[in-house]
There are 2 protein chains.
Amino acid sequence: MTPRTDTDDPTERPRIPLSRRRVLRAAVAIADRDGPESLTMRGLAQELGVEAMSLYHHVAGKEAVFDGTVEVILAEIMAAVDEVDAPSPEDDWRAALRARILTAREVFLRHRWAPQVLESRGTTSPDVVAYLDGVVAILRAGGFSFDLAHRALHVLGSRALGFAQELFRPDGAAPTANDAAAEMERMAGRFPNIAGMLAAAVHDDPDGTLGFCDDQFEFEFALDLILEGLERRRAAS
Amino acid sequence: MTPRTDTDDPTERPRIPLSRRRVLRAAVAIADRDGPESLTMRGLAQELGVEAMSLYHHVAGKEAVFDGTVEVILAEIMAAVDEVDAPSPEDDWRAALRARILTAREVFLRHRWAPQVLESRGTTSPDVVAYLDGVVAILRAGGFSFDLAHRALHVLGSRALGFAQELFRPDGAAPTANDAAAEMERMAGRFPNIAGMLAAAVHDDPDGTLGFCDDQFEFEFALDLILEGLERRRAAS
DNA sequence: ACCTGAACACCGTTCAAGT
DNA sequence: ACCTGAACACCGTTCAAGT
């Protein structure tokens, strides 16, 4: 007898042995498709054609799986920032840092669930530290003291990794223009200033193709404002 | 027979009827004490001396409970900002906004779990919109166009509510000075720039009483940098 | 060494029944 | 109207057993 089994069924793929790497990649795939709240050990096992208990030979538990997905995302970021060609930080630290951050951002745009999972981790992963080490390297090359670089990390916060807290999230409701108009009417009473802001934005973009906010534009506006403030303090120091 | 039961046991408090308000206050109390991950419907019921199923007469389910805790926190913030006496925004929008934000921050410092729960809500609660309406009101009084006010909300992000993404969270490990030194040694190899930054910070604060970061100082530094950048753009507009 | 089935101790929630 | 007990359909995880 050959060691191969199930030869009668050609649809059965030869079994690839389970590994930590395969488990984590499957976890990222599930989060990409259904969101992180849909990630269960049983579902993850099913995705891999295996029983749930087999996972525990490769990861410590569910929390370790989430830690692992952050690892995968950060690795993707590190690979991306390594390839981008930006000005040397000695010549133009702002352009160098800007390029790094916007490159990292692209990865998070492909994995929109990742910020929430990253923030939910109790402790700072070494991969995040490694990424931030590169940020500090750029600042140092640009003439920052360690102290001012430290300030800079705090000012940037999650923006250093390319994402920002959005307090204003799309409602998802208001599918028709009429609903939107009714919603606006209601808001004008309770929230006159927000309503005025919304009206002004709609005026600038009458088709509303962008929705209320162009996230990329807002992100870059905020980033440039911060980089300018940091450069001002660096020059004064 | 009187309707009162259990008169034999004087420790049994007369039963206060359950209400949405009581349920949500108990939920906040549990989150304050044990963290939001420890909040379960069964535990919440026990805290209220009731069966789990009774809760469903006052809240739709667990997600509604979390929505409700955000409501409670935002109400606390609104009460706090109403009482603070700050410069009129017409005279000094920066001072007025700064005072509002630092007041909101105090509430989050009393409920450190709240940012994560607030961010986990899929949609923007009306209470957050009400708070931001006040922020926009200050900006408008300070001479901002609706458009620039919109930019400002995005730049501030969660900082408008008084909290910021901290990517660098205290490890909790390294309880002894020796452990910390060993940790530093290890970091110097993999993360030379972060390690240098850490060393510089320790040098400035040899007792290490503040830990690595003085959060309040960093928050205000970042806030002031942003307010300055916004004022510059307002003046130029 | 790697995988599994059955079981345990939890969850949120439904439902029919009590008062 | 408000509360409850039993039950259902899930979880993550342990353990002893298989190969």
Side-chain angles (χ1 to χ4, degrees), chain A residues 1-7 9 12-28 30-31 33-70 113 117 120-122, chain B residues 1-7 9 12-28 30-31 33-70 113 117 120-122:
Chain A
M1 280 289 256
T2 70
R4 205 59 182 359
T5 59
D6 299 326
T7 37
D9 182 357
E12 191 112 347
R13 292 176 308 173
R15 173 129 71 178
I16 309 162
L18 214 48
S19 68
R20 182 177 136 82
R21 189 187 163 79
R22 276 191 73 218
V23 170
L24 299 184
R25 296 186 76 85
V28 169
I30 290 174
R33 195 202 315 130
D34 305 323
E37 71 284 353
S38 300
L39 184 58
T40 66
M41 296 301 274
R42 282 167 156 97
L44 181 55
Q46 194 171 37
E47 180 100 358
L48 290 159
V50 103
E51 296 299 314
M53 295 65 211
S54 305
L55 301 174
Y56 288 84
H57 290 275
H58 301 95
V59 292
K62 194 182 190 186
E63 288 307 297
V65 171
F66 276 121
D67 288 344
T69 63
V70 169
W113 51 271
V117 171
S120 73
R121 304 296 82 201
Chain B
M1 278 289 259
T2 71
R4 202 79 173 346
T5 59
D6 297 328
T7 38
D9 184 355
E12 192 112 345
R13 292 176 308 172
R15 172 128 72 177
I16 308 164
L18 216 50
S19 69
R20 184 177 136 82
R21 191 187 162 78
R22 277 191 72 218
V23 170
L24 299 183
R25 298 186 74 86
V28 169
I30 291 173
R33 195 200 317 129
D34 306 323
E37 72 284 353
S38 300
L39 183 58
T40 67
M41 295 301 273
R42 283 167 154 95
L44 180 52
Q46 194 172 37
E47 180 99 357
L48 289 159
V50 103
E51 296 299 313
M53 295 66 212
S54 306
L55 301 174
Y56 288 84
H57 292 273
H58 301 96
V59 292
K62 195 183 189 183
E63 288 306 298
V65 171
F66 277 122
D67 288 344
T69 62
V70 170
W113 51 272
V117 171
S120 73
R121 303 298 80 201

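What you are looking at is a predicted structure, and each value in this text was computed from that prediction instead of being measured. Quick note on labels: first sequence line is chain A, next is B, and so on, each numbered from 1.
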Considering non-hydrogen atoms only, spot the tightest contact between [X] and [Y] and give its length.
X	Y	answer
B/V59	B/A64	CB-CB, 4.5 Å
B/G61	B/Y56	CA-CE2, 3.9 Å
B/R33	B/E47	NH2-OE2, 2.7 Å

Over how many whole Å does the gap from [X] atom [atom1] to [N] atom [atom2] extend?
X	N	atom1	atom2	value
B/R22	D/dC3	CZ	C1'	13 Å
A/E37	D/dG12	CD	P	13 Å
B/M53	C/dT14	CE	P	11 Å
B/L55	C/dG12	CG	P	10 Å
A/L48	C/dC3	CG	C1'	13 Å
A/E51	C/dA6	CD	P	10 Å
B/E63	C/dC11	CD	P	16 Å
B/L39	C/dG12	CG	C1'	12 Å

task = Using the side-chain contact (heavy atoms from CB on, under 4.5 Å) rule, pick out the option among B/T69, B/V65, B/L39, B/T40 that qualifies with B/I30.
result = B/L39

Any N/O donor-acceptor pair, B/H57 side-chain to D/dC3 base, under 3.5 Å = yes

Distance, nearest 0.5 Å, that separates OG of A/S19 from CG of A/L24 =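 Answer rounded to 0.5 Å: 8.5 Å.
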
remark   = Checking C/dT4, C/dT13, D/dT4 against the side chain of B/K62 (C-beta onward), the nearest is C/dT13

query = Watson-Crick or G-U wobble partner for C/dA17, using a 3.5 Å limit on both distances?
reply = none

ask   = Paired with C/dG12: which nucleotide, if any, by Watson-Crick or G-U wobble criteria at under 3.5 Å for both distances?
value = D/dC8

query = Think A/S54 has a side-chain N or O under 4.0 angstrom from the OP1 or OP2 of C/dT4?
reply = yes

query = Checking all strands, does B/M41 fall into the base, sugar-phosphate, or nothing category for heavy-atom contacts under 4.0 angstrom?
reply = sugar-phosphate

key: Earlier contact from the 5' end, DNA chain C, for A/R42 and A/H58   =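 Final value for this comparison: A/H58.
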
ask   = B/L18 or A/A52: which one's nearest nucleotide on DNA chain D is closer to the 5' end?
value =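 Its nucleotide being nearer the 5' end, the pick is B/L18.
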
